Participant: 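Quick one: structure below, then a few questions.
Keep in mind it's a predicted model, so treat the numbers as computed, not measured.
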Amino acid sequence: MGKTEIVIAPTNTIVEICDVLDDAIELVLQARRSISVGTYEADVEALLVFNLGIRHVEGVVALARQDLVLVPAAYHLARAAFECCIRAAWLVDQVDPLQREPRWVAHVKGEIDALKRASDRLEKSGIDVSATRRRARTLSDFVNGVAAALDARGIEPINKVPDFAQMLSSLGAEHLYASYIEASQYTHGGHGATWHYRTGGLGTEKQIGEAINQHDWIKPLRLCWLAISGPGEILTSRLKQSAMQLWSNEFQATVDGKFKDLASGYGTA
């Protein structure tokens, strides 16, 4: 397979932000190595969901280092990273580990529901879904057992996982929902995601063509930092059951400085 031609090479500033995101991931992983989990389902699942978020961030970093025209895909992955890491933080955002378990029950019921809905649709097409239904039953049996044990302890259940806006609000980050909305345009093929290929305005004023530069990467890269930073602190603090500062003041200043460099001149002619 031939080497893909680079359309717009990453700038030094973009590469430097990718480097600090790599450093941030390593700091989270270092903190996690000192955490021992396994007793509670929510704690384990939170780490696994955060793993998903980290991999999505690494995907954004890989795209940024490859070619700046890949920014739409970066937005999509940044949104996924943000959603995963927020959910991971929400799963463990209770002081008492037992109070986290109803969140895990509601979380797993989402997979059970997805398996059942997929099976119903596939079965209508004559496809054998017995394996999928067995998986759903196995999950359901286990979850029901955990739920019964929690009920015996007088722990209130959660009917369903809150929507993403509610999750953000519970973590004190409701102001970040606007960034999630913008990134969602790239996932769903919204009109707002096509401005990279349209300049000048609407109607007869529009000019079609790819108009991407390093400033278009500010928001997806920043969303990756937001995915790791706050949720990472919540996750590690809850699981270690002690307040901790995951990011030094010096490191946070470095991150802020890199984004200021990237934003320099943004919005000016």
Side-chain angles (χ1 to χ4, degrees), residues 9-35 46-47 49-68 70-71 73-90 93 168 171-183 186 212-240 243-268:
T11 63
N12 290 336
T13 306
I14 292 287
V15 173
E16 288 172 359
I17 290 181
C18 290
D19 290 342
V20 297
L21 287 175
D22 280 341
D23 292 341
I25 289 172
E26 181 55 33
L27 287 171
V28 172
L29 296 179
Q30 286 177 7
R32 279 178 42 175
R33 294 185 187 109
S34 64
I35 297 172
L47 288 176
V49 175
F50 203 84
N51 282 350
L52 289 177
I54 286 176
R55 289 304 190 199
H56 290 319
V57 171
E58 290 174 335
V60 173
V61 168
L63 292 171
R65 284 185 169 131
Q66 180 177 340
D67 197 322
L68 296 191
L70 299 175
V71 69
Y75 260 106
H76 174 72
L77 286 174
R79 172 190 182 270
F82 189 53
E83 190 164 1
C84 286
C85 293
I86 290 294
R87 180 176 286 237
W90 171 81
D93 194 32
L168 284 173
L171 298 174
E174 58 270 17
H175 60 289
L176 297 178
Y177 192 64
S179 297
Y180 176 79
I181 291 173
E182 181 174 353
Y186 294 83
I212 293 175
N213 57 56
Q214 71 166 2
H215 292 137
D216 294 312
W217 282 82
I218 295 173
K219 291 182 179 179
L221 288 171
R222 187 71 179 177
L223 198 58
C224 286
W225 166 241
L226 293 172
I228 297 173
S229 56
E233 285 191 328
I234 292 172
L235 188 74
T236 52
S237 294
R238 291 300 190 194
L239 296 184
K240 288 177 73 72
M244 66 171 294
Q245 185 177 3
L246 186 58
W247 321 108
S248 67
N249 293 333
E250 181 182 5
F251 184 78
Q252 292 187 68
T254 297
V255 175
D256 290 341
K258 296 301 180 184
F259 276 104
K260 285 179 181 177
D261 290 344
L262 182 56
S264 178
Y266 179 59
T268 63

Participant: List the atom of H56, the atom of C84, and the distance in Å for their closest heavy-atom pair.
Facilitator: CD2-SG, 3.9 Å
Participant: If I take atom CG from residue D93 and atom CZ from residue R87, how far apart are they, to the nearest 0.5 angstrom?
Facilitator: 14.5 Å
Participant: Once salt bridge (Lys or Arg N to Asp or Glu O under 4.0 Å) is applied, do any residues pair with D67, and if so which ones, sequence neighbours excluded?
Facilitator: none
Participant: Supply the atom-to-atom distance L262 CG to L221 CG, rounded to the nearest 0.5 angstrom.
Facilitator: 7.0 Å
Participant: Starting at CD1 of I14, measure out to CD1 of I218 and round the result to the nearest 0.5 Å.
Facilitator: 8.0 Å
Participant: So, taking the atom named CG in L63 and the one named CH2 in W217, what distance separates them when rounded to the nearest 0.5 Å?
Facilitator: 5.5 Å
Participant: Let me see the working for L239 and L47 under side chain to side chain contact (heavy atoms under 4.5 Å, CB included), right down to the final yes or no.
Facilitator: CA-CA 10 Å; L239 296 184; L47 288 176; 3.7 Å; yes
Participant: Suppose we screen for side chain to side chain contact (heavy atoms under 4.5 Å, CB included). Which residues come up paired with S34, at least two apart in sequence or across chains?
Facilitator: K240
Participant: State which residues pass side chain to side chain donor-acceptor pair (under 3.5 Å) with N51; sequence neighbours excluded, sorted by chain then number.
Facilitator: R32
Participant: Please list, chain by chain and in numerical order, all residues satisfying salt bridge (Lys or Arg N to Asp or Glu O under 4.0 Å) with D256, sequence neighbours excluded.
Facilitator: R222
Participant: Using 0.5 Å steps for rounding, measure from the NZ atom of K219 to the OH atom of Y186.
Facilitator: 8.0 Å
Participant: Only pairs at least two apart or in different chains count here, so list each salt bridge (charged side-chain N to carboxylate O under 4.0 Å, His left out) that has a residue in residues 171-181.
Facilitator: none
Participant: Side-chain donor-acceptor pairs under 3.5 Å in residues 73-81, sequence neighbours left out?
Facilitator:
{"unit_1": "H76", "atom_1": "ND1", "unit_2": "T187", "atom_2": "OG1", "d": "2.8"}
{"unit_1": "R79", "atom_1": "NE", "unit_2": "S184", "atom_2": "OG", "d": "2.8"}
{"unit_1": "R79", "atom_1": "NH2", "unit_2": "Y180", "atom_2": "OH", "d": "3.0"}

Participant: I'd like to check the side chain to side chain contact (heavy atoms under 4.5 Å, CB included) partners of L27; sequence neighbours left out, ordered by chain and number.
Facilitator: Q30, W247, F251
Participant: Whether the side chain of T236 engages the backbone of E233 through a donor-acceptor N/O pair (distance < 3.5 Å, no angle test) should be reported.
Facilitator: yes
Participant: Can R65 and D19 be said to form a side chain to side chain contact (heavy atoms under 4.5 Å, CB included), step by step?
Facilitator: CA-CA 10 Å; R65 284 185 169 131; D19 290 342; 2.6 Å; yes
Participant: Might you point out which heavy atoms bring C85 and G53 nearest each other, and give the distance in Å?
Facilitator: SG-CA, 3.8 Å
Participant: Residues in side chain to side chain contact (heavy atoms under 4.5 Å, CB included) with N249, at least two apart?
Facilitator: Q245, Q252
Participant: Nearest heavy-atom pair of A46 and A88: which atoms, and what distance?
Facilitator: O-CB, 3.3 Å
Participant: Kindly write out the residues that satisfy side chain to side chain contact (heavy atoms under 4.5 Å, CB included) with I25, not counting sequence neighbours, or none if the list is empty.
Facilitator: L29, I54, V57, E58, I228
Participant: At what distance, to the nearest 0.5 angstrom, does OG of S229 lie from CG of L246?
Facilitator: 9.0 Å
Participant: Going by the rule ring pair (Phe, Tyr, Trp, His ring centres under 6.0 Å), which residues pair with F50 if we only count those two or more places apart in sequence or in a different chain?
Facilitator: none
Participant: For D261, give me all partners under salt bridge (Lys or Arg N to Asp or Glu O under 4.0 Å), at least two apart in sequence or on another chain.
Facilitator: none
Participant: My understanding is that only residues two or more places apart in sequence, or in another chain, count here; which of them pass salt bridge (Lys or Arg N to Asp or Glu O under 4.0 Å) with E26?
Facilitator: R33
Participant: Please test L68 against D216 for side chain to side chain contact (heavy atoms under 4.5 Å, CB included), starting from the C-alpha separation and ending with a verdict.
Facilitator: CA-CA 9 Å; L68 296 191; D216 294 312; over 6 Å; no
